[in-house]
Amino acid sequence: MTTLARRHDTRNQRVPWSPSAWRQALYLTGSIPAQLIAPFIALAWTYGLRWRLNWFPVVWR
Amino acid sequence: MTWGRLWPLTPVSLIVVFLAAPALTAMHRHRLRATAGVEIPPQPAIEHRWSLTGIAVYTASPATWRQLGYHLLAAPALAVGALAAFGMWLAGLAGTLLYGYAWTRPPGGLLARGQSSPPDHLHRTLPVPVDVWLTVGGIVLLAAAPWLTAAVGALDVRAARALLGPSRAEELEHRVEHLTQTRSGAVDAADAERRRLERDLHDGTQQRLVSLAMNLGLARVQAVTTEQAHQALAEAHEEAKAALAELRNLVRGLHPAVLEDRGLDAALSGLAARMTIPVRLSVDLPRRPAATIEAVAYFVVSESLTNITKHAQASQAEVVVQRAGDRLHIIVTDDGVGGADPARGTGLAGLAKRAASVDGTFEIASPPGGPTLITVDLPCLR
């Protein structure tokens, strides 16, 4: 038996009216918070520690 | 609050990120699977992760530092790229729609159609209004946005594969370990199969042949009348037919000729027809899988159905075989009493080993009270 498979052409996805291009843009935009979470944790801890240490002037100031 | 006063705290924050890296990696693996359909292989788990030894192993592992590189450097850079792509989509859409918007503006406004002009030096060379400039720019941006999106997406996948997944050496090491285990499993499964064959031949066919020989011997020694000889020969004939039937069943259970000649569909149809309970069979295979995979699939279905008829007290069973991409999915289910446990017998464990020997997976769900659901997933590259 011969089966003809449709060729998967990614070039057709790279046009503005392609739903898959929009989907990819949506996913990529949605990924931004996840990609920034590590620097966010680092900064949040840094600022959080600073705020905590303000209560211990002998140590910090 | 200045950075000069904050920087001594940064190492503490980095340690937090360092310890949170596996959780962040798991999140990104999930994200990429959900959004890009990309499977990043997991890192080997570290035993007693929060013990001192565990933390030492975790710190010494290059994979940890690669993950940290992704979370602190690559991912933020990719976020900037994603933001640029998003901005390009927005600007492109806004610019493209601007021409229509310009029609709605009163004459003389900044964006009114044809009313405003670009800076003088441009206007002198190409006297085109601002709305047309912006619209053309928007169309160009909109055309380029999908390409930038795809490029950033591809970079994200490449970075995640390189930094979040195991390295080539680790992957090969894991593969060797897996192959060693599955080879040992295959040898065990073959041994178990050989013992089953020996038992079947000893208890079935051999006993029939012994009985046949005894009947023929009795006929030769004791049959003095034609009627007695006829009786002994008739019994011997029955024994011979029973021995043949048992041998045929045994061979069918191993590798039936129809599997070789006509494929899995025909072989499983024959198997289902011979079962003592109704079996609903659905086979969807556009192309025949490799012979090894067909044999494993047949063996798994055959053993599962035999188990169902022997132990499940089921009134019916269902078998679904279908191909999805480069995988062959097999589902066997029944309406029996359930309670099948691979740890209790060698049969189900043997099936799991048989599936693992070709890099397949075997799962069984059989709560007490039933039903039993067996799911087998085999590679099917052909």
Side-chain angles (χ1 to χ4, degrees), chain A, chain B residues 1 3 5-18 20-21 23-24 27-28 30-32 34-36 67-68 70-83 85-86 88-89 92-93 96 139 141-153 156 285-288:
Chain A
M1 183 189 289
T2 307
T3 307
L4 293 175
R6 196 167 49 183
R7 189 163 168 264
H8 186 67
D9 195 346
T10 51
R11 283 175 303 176
N12 289 337
Q13 296 172 355
R14 291 175 191 171
V15 285
W17 55 87
S18 158
S20 65
W22 282 83
R23 198 180 308 123
Q24 195 174 23
L26 193 69
Y27 287 157
L28 205 64
T29 309
S31 301
I32 293 173
Q35 288 166 330
L36 292 176
I37 200 162
F40 174 78
I41 290 174
L43 285 177
W45 263 79
T46 304
Y47 278 89
L49 276 180
R50 172 76 177 91
W51 182 80
R52 287 267 176 189
L53 289 175
N54 272 340
W55 296 92
F56 300 97
V58 176
V59 177
W60 183 247
R61 288 178 178 168
Chain B
M1 199 177 298
W3 179 247
R5 301 199 62 178
L6 284 175
W7 74 265
L9 299 174
T10 308
V12 181
S13 310
L14 289 181
I15 289 171
V16 174
V17 176
F18 178 77
L24 294 174
M27 182 192 70
H28 281 294
H30 182 76
R31 172 177 71 82
L32 288 165
T35 59
Q67 287 178 53
L68 216 57
Y70 179 86
H71 297 313
L72 287 174
L73 300 173
L78 286 162
V80 173
L83 208 59
F86 179 63
M88 194 178 260
W89 277 98
L93 274 175
T96 308
I139 291 171
L141 283 179
L142 198 60
W147 290 88
L148 182 65
T149 306
V152 176
D156 189 13
L285 293 175
R287 279 170 293 159
R288 283 186 67 172

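A, B, ... follow the sequence lines: proteins, then strands. Residue 1 opens every chain.
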For the pair B:Trp89 (side chain) and A:Ala25 (backbone), establish whether a donor and an acceptor sit closer than 3.5 Å, ignoring hydrogens and angles.
-> no
Kindly give the heavy-atom pair with the smallest separation between A:Leu28 and B:Ala85, and that separation in Å.
-> CD2-CB, 4.3 Å
Of the listed residues (A:Ile37, A:Leu36, A:Leu26), which shares the most heavy-atom pairs with chain B below a 4.5 Å separation?
-> A:Leu36
Gap between atom CG of B:Leu32 and atom OH of A:Tyr27 - 0.5 Å precision = 12.5 Å
With a 4.5 angstrom heavy-atom cut-off, could you sort out which part of B:Ala145 is near chain A: side chain, backbone, both or neither?
-> neither
Atom pair CH2/CG of A:Trp17 and B:Leu142 - distance to nearest 0.5 Å = 9.0 Å
Side chain, backbone, both or neither of B:Leu93 within contact of chain A (heavy atoms, under 4.5 Å) | side chain
For the candidates B:Ala79, B:Ala74, B:Ala144, which exhibits the highest count of non-hydrogen atom pairs separated by less than 4.5 Å from chain A?
-> B:Ala79
Would you say B:Phe86 has more than 12 foreign heavy atoms packed within less than 6.0 Å of its CZ?
-> no
Minimum heavy-atom distance between B:His71 and A:Pro39, given as atom pair plus value = O-CD, 3.7 Å
Heavy atoms, side chains only, cut-off 4.5 Å: are B:Pro146 and A:Ser18 in contact?
-> no
Between chain A and each of B:Leu68, B:Leu78, B:Asp156, B:Val16, count heavy-atom pairs under 4.5 Å; write down the option with the most.
-> B:Val16
So, do B:Pro76 and A:Gln35 sit near enough that their side-chain heavy atoms are less than 4.5 Å apart?
-> no
Under 4.5 Å, counting heavy-atom pairs only, tell me which of A:Gly30, A:Pro33, A:Ala38 racks up the most with chain B.
-> A:Ala38
Measuring heavy-atom distances to chain A, does B:Leu24 have an atom under 4.5 Å in its side chain, in its backbone, in both, or in neither?
-> side chain
